[in-house]
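All remarks here apply to the structure that follows.
Every number for a ligand or one of its atoms is a count from 1 in the order of the listing.
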Amino acid sequence: MAQDSLATGAKNTWCPGCGNFGILNSLKSVLGALAEEGTPLENVVLVSGIGCHAKIVDYVNVNSFYAIHGRVTPVAEGIKLANPNLKVIGLAGDGDAYGEGLAHLVFAAKRNIDITMIIHNNRVYGLTTGQYTPTSPRGFKGRSTPYGAIEAPVNPLELMMASGATFVARGYSGGMELLKRLVKEAVTHKGFALLDVLQVCVTFFNVYQQYNERGYELKEHDELDYEKAALKAREWNYDADGLIPLGVFYRKSASTFEDAFAAPDIGPEARSKKTGEFLRP
Ligand SMILES: Cc1ncc(C[n+]2csc(CCOP(=O)(O)OP(=O)(O)O)c2C)c(N)n1
Ligand code: SF4
Ligand SMILES: [Mg+2]
């Protein structure tokens with residue numbers, strides 16, 4: 001399917017050179033490929049939050065929903081539970097998913113609900129013009145930290161693994177071939193998938209040089225081994241130094257929340273029977 005048919009007439013207002021273009025192009029390419037392989041595009045729903053990243057849903061011609069800042073994950077979960085046949089892809093900012101919405105992400109991972117969360121991790125609040133986020137490095141100078149952030153950043157990959165995510169990966173908006181592969185793997189994974197994308201904000205945190213020099217693709221890494229994956233996830237902790245591994249860190253096959261939710265012994269029918277029994281005098 002031609003990627004062009006996924007385009008919309010909306011005017012793109014991202015800054016020239018913004019890493020969001022890389023995510024947009026890889027998403028369109030993967031959706032086009034999925035359509036060719038038999039996934040009807042009317043079964044795909046994109047959910048975004050509030051921020052520069054969120055505009056991506058305006059630029060892709062499939063069903064979509066703008067959530068509020070910090071609430072991409074629960075809206076995506078609700079859509080999936082209401083209709084488990086849908087392929088639900090959440091597209092959230094780092095401020096959105098790792099800041100205001102962090103608890104939602106942890107619980108979605110814990111229950112292994114079959115949604116994909118793609119995080120546009122530019123390590124800054126882009127839309128509100130440059131405040132620090134949970135993944136900004138120590139010393140980051142922005143609107144809210146003019147003398148430099150004094151906190152260590154959170155490591156979302158480690159956190160997601162510890163929370164129970166069954167697919168954890170990191171891509172880079174400047175590495176398109178790998179990014180396309182990772183988006184496809186994340187979207188087709190059954191269970192909760194977290195794809196953290198290092199998405200460069202050229203205007204408020206331009207780290208292209210750092211990522212180009214230090215990013216490397218994981219090779220011969222055993223993504224089924226939790227301990228090894230956790231060690232790899234710790235190799236770069238989102239601070240200033242170190243080489244940056246990219247690729248799939250961890251993958252596991254496990255039953256999903258919605259499968260259990262629909263199971264005969266605990267699904268809606270069983271629950272209504274139990275409620276009836278409880279209500280009988
Ligand atoms: C509930 C709520 N809190 C805060 C805001 C203000 N706000 C809008 S966008 C934004 C930051 C967005 O940063 P991020 O999620 O990293 O997205 P980016 O712009 O970097 O893509 C904030 C704080 C809001 N709109 N709603
Ligand atoms: S402010 Fe940053 S994240 Fe937002 S569109 Fe511009 S470059 Fe992209
Ligand atoms: Mg951001």
What residue and heavy atom of the protein are closest to atom 8 (C) of ligand 1, and at what distance?
Ile50 CG2, 3.7 Å
Is there a donor-acceptor pair closer than 3.5 Å between any side-chain N or O of Asn43 and the backbone N or O of Lys87?
no
Show the atoms of ligand 2 that are less than 4.0 angstrom away from any heavy atom in Val202.
7 (S)
Side chain of Arg143, backbone of Thr129: donor and acceptor closer than 3.5 Å?
yes
Check the side chains of Asn112 and Thr166 for a donor-acceptor pair under 3.5 angstrom, ignoring hydrogens and angles.
yes
How far is atom 17 (O) of ligand 1 from the closest protein heavy atom, and which atom is that?
His53 ND1, 3.1 Å
Numbering the atoms of ligand 1 from 1, which are under 4.0 Å from a heavy atom of Gly95?
14 (P), 15 (O), 16 (O)
Tell me which one of Tyr98, Phe204, Tyr125 gets a heavy atom nearest to atom 11 (C) of ligand 1.
Tyr125
Any donor and acceptor pair, going by atom type alone, linking the side chain of Asn237 with main-chain N or O of Pro153 inside 3.5 Å?
no
Stacked cation flag Arg111 on Phe257, 6.0 angstrom / 45 deg
yes
Nearest-neighbour protein heavy atom for atom 8 (Fe) of ligand 2, which is reported as residue plus atom name and distance
Cys18 SG, 2.4 Å
Under 4.0 Å between a Lys/Arg side-chain N and an Asp/Glu carboxylate O for Arg138 and Asp239?
yes
Is there a donor-acceptor contact under 3.5 Å linking the side chains of Thr8 and Asn61?
no
Counting only N and O atoms by type, is there a donor-acceptor contact under 3.5 Å from the side chain of Thr145 to the main-chain atoms of Phe140?
yes
I'd like to check which ligand 1 atoms, numbered from 1 as shown, lie under 4.0 Å from a non-hydrogen atom of Val124.
16 (O), 20 (O)
Under 4.0 Å to a heavy atom of Phe204 - the qualifying atoms of ligand 2, by number
1 (S)
Quick check: does Cys52 have an N/O/S atom under 2.8 Å of atom 8 (Fe) of ligand 2?
no
Apply salt bridge (Lys or Arg N to Asp or Glu O under 4.0 Å) to the pair Lys80 and Glu77, showing each step before the final yes or no.
CA-CA 5 Å; Lys80 183 71 186 180; Glu77 288 181 275; over 6 Å; no
Do Thr133 and Asp94 have side-chain atoms, one donor and one acceptor, less than 3.5 Å apart?
yes
Can you report which non-hydrogen protein atom sits closest to atom 6 (Fe) of ligand 2, along with the distance?
Cys15 SG, 2.3 Å
Might you confirm whether atom CD of Gln209 has over 12 heavy atoms from other residues, nucleotides or ligands at distances under 6.0 Å?
no
Per-residue contact class, Cys201 against ligand 2 - non-hydrogen pairs under 4.0 Å
both
Near the Mg ion (ligand 3) (under 2.8 Å) - protein N, O or S atoms
Asp94 OD1, Asn122 OD1, Val124 O
Checking side-chain polar atoms at under 3.5 Å, does Tyr172 have a donor or acceptor matched by the opposite partner on Asn212?
yes
Side chain, backbone, both or neither: which applies to Asn122 and ligand 2 if a contact is any heavy-atom pair less than 4.0 Å apart?
side chain
Atoms of ligand 1 less than 4.0 Å from Cys52 heavy atoms?
18 (P), 19 (O), 21 (O)
Is it true that Glu185 and Arg251 make a salt bridge, defined as a side-chain N closer than 4.0 Å to a carboxylate O?
yes
Is the shortest distance from a heavy atom of Gln199 to ligand 2 less than 4.0 Å?
yes
Per-atom filter on ligand 1: closer than 4.0 angstrom to a heavy atom of Gly126 are 18 (P), 19 (O), 20 (O)
Flag, side chain of Arg170 to backbone of Asp196, donor-acceptor distance under 3.5 Å:
no
Select one of side chain, backbone, both or neither to describe which atoms of Gln131 lie under 4.0 Å from any atom of ligand 1, heavy atoms only.
neither
Say whether, by atom type as modelled, one donor and one acceptor occur between the side chain of Asp259 and the main chain of Ser255 under 3.5 angstrom.
no
For ligand 1, does Asp94 get within less than 4.0 Å through its side chain, its backbone, both, or neither, judged by non-hydrogen atoms?
both
Ranking Ile56, Asn122, Thr133, Thr128 by closest non-hydrogen atom to atom 7 (N) of ligand 1, top hit is Thr128
Answer with yes or no after comparing the ring centroid distance for Tyr59 and Trp14 against a 6.0 Å cut-off, counting only values under it.
yes
Judged by atom type as modelled, is there a donor-acceptor pair below 3.5 Å linking the side chain of Asp96 to the main-chain atoms of Gly70?
yes
With heavy-atom distances below 4.0 Å as the criterion, list the atoms of ligand 2 near Trp14.
5 (S)
In the protein, what heavy atom is nearest to atom 15 (O) of ligand 1, and what distance, to one decimal place, separates them?
Asp96 N, 2.8 Å
Ligand 2 to Thr203, heavy atom cutoff 4.0 Å, flagged ligand atoms 6 (Fe), 7 (S)
Identify the closest protein heavy atom to atom 26 (N) of ligand 1: which residue and atom is it, and at what distance?
His69 CB, 3.4 Å
Do any heavy atoms of Glu100 fall under 4.0 Å from ligand 1?
yes
